[in-house]
Enquirer: 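Before anything else, here's the structure in question.
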Amino acid sequence: MPFYTFTCNSCGKRFEVRCTIAEKDSGSIVCPGCGANELDRVFEGFSVAVKGSSCPGRDGGSPCPSAGRCGGCCGNR
């Protein structure tokens, strides 16, 4: 189950809840501080690691498709 971050509109408390998508969408989540259910969802960043390279020039043989503007990820600056 994913974690969701909310901010309570009544007391301003920010908290995390581990719940299903259905539970999140049902409106059954309540603030642990004041018990209110008028909440705003906080969207936070995340990262993903992938195997391999996103730059064809890094894997060898191909020139850097961004003419070296990739920040040097492929060594072709």
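None of these values were measured; they are calculated from a predicted model. What you see below is based on every heavy atom in this structure, not just the backbone, and it leaves out hydrogens, waters and symmetry mates.
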Enquirer: Do Leu39 and Met1 belong to the same hydrophobic cluster, where Ile, Leu, Val, Met, Phe, Trp and Tyr are linked whenever their side-chain heavy atoms lie under 4.5 Å apart, directly or via other members?
Expert: no
Enquirer: Could you measure the distance from the CG atom of Asn9 to the CG atom of Asn37? Nearest 0.5 Å is fine.
Expert: 10.0 Å
Enquirer: Could you tell me which non-hydrogen atom of Tyr4 sits nearest to which non-hydrogen atom of Thr20, and how far apart they are?
Expert: CE1-O, 4.3 Å
Enquirer: With rounding to the nearest 0.5 Å, note down the distance linking SG in Cys19 to NZ in Lys24.
Expert: 8.0 Å
Enquirer: I'd like to check the side chain to side chain contact (heavy atoms under 4.5 Å, CB included) partners of Phe43; sequence neighbours left out, ordered by chain and number.
Expert: Arg41
Enquirer: Using side chain to side chain donor-acceptor pair (under 3.5 Å) as the criterion, list what pairs up with Ser10, not counting sequence neighbours.
Expert: none
Enquirer: Only pairs under 3.5 Å count here: list side-chain donor-acceptor contacts from residues 25-33, not counting sequence neighbours, and write none if there are none.
Expert:
| unit_1 | atom_1 | unit_2 | atom_2 | d |
| --- | --- | --- | --- | --- |
| Ser26 | OG | Glu23 | O | 2.8 |
| Ser26 | OG | Ser28 | N | 3.2 |
| Ser26 | OG | Ser28 | OG | 2.9 |

